[in-house]
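Encoded as structure tokens, the structure appears first; notes follow it.
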There are 2 protein chains.
Amino acid sequence: MPYDPSAFPPFAVTVDLVVLTVRRHALCALAVRRGEAPFQGRWALPGGFVRADEDLAQAAARELAEETGLRAHEPAAPVQDNGAHLEQLATYGDPERDPRMRVVSVAHLALAPDLPAPRAGGDASNARWAPVEELLQRGGHARDGEPVAPLAFDHAQILADGVERARSKIEYSSLATAFCPSEFTVGELRRVYEAVWGVALDPRNFHRKVTGTPGFLVPTGGTTTRQGGRPAQLFRAGGATLLNPPMLRPEV
Amino acid sequence: MPYDPSAFPPFAVTVDLVVLTVRRHALCALAVRRGEAPFQGRWALPGGFVRADEDLAQAAARELAEETGLRAHEPAAPVQDNGAHLEQLATYGDPERDPRMRVVSVAHLALAPDLPAPRAGGDASNARWAPVEELLQRGGHARDGEPVAPLAFDHAQILADGVERARSKIEYSSLATAFCPSEFTVGELRRVYEAVWGVALDPRNFHRKVTGTPGFLVPTGGTTTRQGGRPAQLFRAGGATLLNPPMLRPEV
DNA sequence: GATCATAGTCGTCTGCCTGACGATAAACAC
DNA sequence: GTGTTTATCGTCAGGCAGACGACTATGATC
């Protein structure tokens, strides 16, 4: 296989973002409305071209900041401030995935706490948080009756892969805290798991598990009643990133 | 963020392969010797450009066949014949990773049973199976005393990521059978785990675990004494792809 | 052929973890 | 105060893994 550096087919390389958050007990993803063909007017994942002098992670962090204002954390750093967790998801390169040209998209997964409001270059009407189940159903209607077209390009597949990554990764890591504000209660963390997995968990067993795992949660000393009921202890994410043994999803 | 389809920086897109196998109780990776600059004469992972009309998985499968003669399995299909498991690993796109031009490499991970002999376009002297620990040590010397240079480009990082993926994935999936021939014994499967993880496992507990997991192993009825000792039952990989509960690596 | 080394297979026991669920505690709404 | 909500602590039984004993069936060696 002789090698000729000048004889390679040129590709466009983009990053697409699966930005997930938990709003009102539902796992939601950030979607932006496309302003041009192809798929004009349809919803898509945010993303854009990788610049000539930019690393893939840098490009993803830049796009994330442009779309949400969020800063990205360093990959291995614990979740501390209001930044988002950002990691590479997978790369999609079907020759037909973009009708205009050959585009390879390096999808990234971002997990963020509930945010005030999305912004897409300042235009809020062209960006929204939508429940992932609504974005993933093929056609059909949202809860408010508005008809929903499938996501543009292969973004439904990318979103599905990102959701599955998030669902599986909170099993064996402390990543679920990325969905929470810097201080949170055990109940709030449990509701994150319930929203991401779409199941109900036993509050008592969940409490035992997360408080019994060394390094997972660090009590701040404060309490809150923002969820109603008896005051709950506030915690911060601890240094542990891996949960061993993992917290397995209920079978079904 | 105005969009101009003609104004994107061109990238070269390649696939690089982390091909792993188990030889003589050691986890080994396929390495090829570079014939040209940069890194001329150094060992590298096999790989090549993605063609203009080719999917990423197709390109990886083609490179795998060119380098080893192996056919790749469909992602979700159980391991049956002597083909290899192939899956996307991660994508590497640092602007400086190739001094000649901007190259984004979509690395893939392949797991194969022990093979007769490597071939690199027919030239066996430029391809070899090397223990991953030898390829990953920075400089230093192989066991035969020959000095070893680090892998070319960022291939040490890619290899390390691929090894870690394999190590973690055999915990919760039946992927370890991809390292075995179509029929194998429990002891042979155990030696795969031991080589990949670099630990010793209790034969009795391992036997109980793998034979007790429904769908993991299917007895063929035959026996073999190719490992010496008492004849062992032969098994084939069952339909189950996920191990639940997983088989966790020993802590140490 | 007896003995030994090797590898495979079946059991036992103990401790840890989880799921199911009872009970109590501390806030707020009325 | 009563009821409602949420948090937190306990109890108990079953499942599973680690440690390890015992037995089996081969080939190798004397």
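Labels below follow one simple rule: chain letters A, B, ... track the order of the sequence lines, proteins then strands, and each chain is numbered from 1. Values in this document were obtained by computation on a predicted structure and should not be read as measured data.
Taking a heavy-atom distance under 4.0 Å as the criterion, the stretch of DNA chain C touched by chain B extends 5' to 3' from C:dT6 to C:dT12.
With sequence neighbours excluded, the residues that form a side chain to side chain contact (heavy atoms under 4.5 Å, CB included) with B:R167 are B:V163, B:E164, B:V196, B:W197, B:R249. With sequence neighbours left out, B:H108 forms a ring-ring contact (aromatic ring centres under 6.0 Å, His included) with no residue at all. Listed by chain and residue number, B:L70, B:A84, B:L115 satisfy the side chain to side chain contact (heavy atoms under 4.5 Å, CB included) test with B:A112 (two or more places apart in sequence, or in another chain). Listed by chain and residue number, B:P231 satisfy the side chain to side chain contact (heavy atoms under 4.5 Å, CB included) test with B:T225 (two or more places apart in sequence, or in another chain). B:D154 pairs by the salt bridge (Lys or Arg N to Asp or Glu O under 4.0 Å) definition with B:R97, not counting sequence neighbours. Qualifying side chain to side chain contact (heavy atoms under 4.5 Å, CB included) partners for A:A29, counting only residues two or more places apart in sequence or in other chains: A:L20, A:V132, A:L135, A:L159.
Protein atom CG of B:L201 is 11 Å distant from nucleotide atom P of D:dA19, rounded to whole Å. Following rounding to the nearest Å, A:D202 (CG) and D:dC9 (C1') show an atom-to-atom distance of 13 Å. For A:R204 and D:dC9, the CZ to P distance is 14 Å, given to the nearest whole Å. Distance B:Q233 CD to D:dT24 P: 17 Å, rounded to the nearest Å.
Among pairs with a residue in residues 204-227 of chain B, those fulfilling ring-ring contact (aromatic ring centres under 6.0 Å, His included) read B:Y193-B:F206, at least two apart in sequence or across chains. The salt bridge (Lys or Arg N to Asp or Glu O under 4.0 Å) contacts involving residues 205-232 of chain B comprise B:E188-B:R226, where partners must be two or more places apart or lie in separate chains. Residue pairs satisfying the ring-ring contact (aromatic ring centres under 6.0 Å, His included) criterion with at least one member in residues 156-189 of chain B, sequence neighbours excluded, are absent.
Residues from residues 205-230 of chain A that place a heavy atom under 4.0 Å from any atom of DNA chain D, listed by number: A:H207, A:R208, A:Q227, A:G228, A:G229, A:R230. A heavy-atom distance below 4.0 Å to DNA chain D is reached by none of the residues of residues 184-195 of chain B.
Defined by atom type and a distance below 3.5 Å, a donor-acceptor pair is present between the side-chain atoms of A:D161 and A:Y92.
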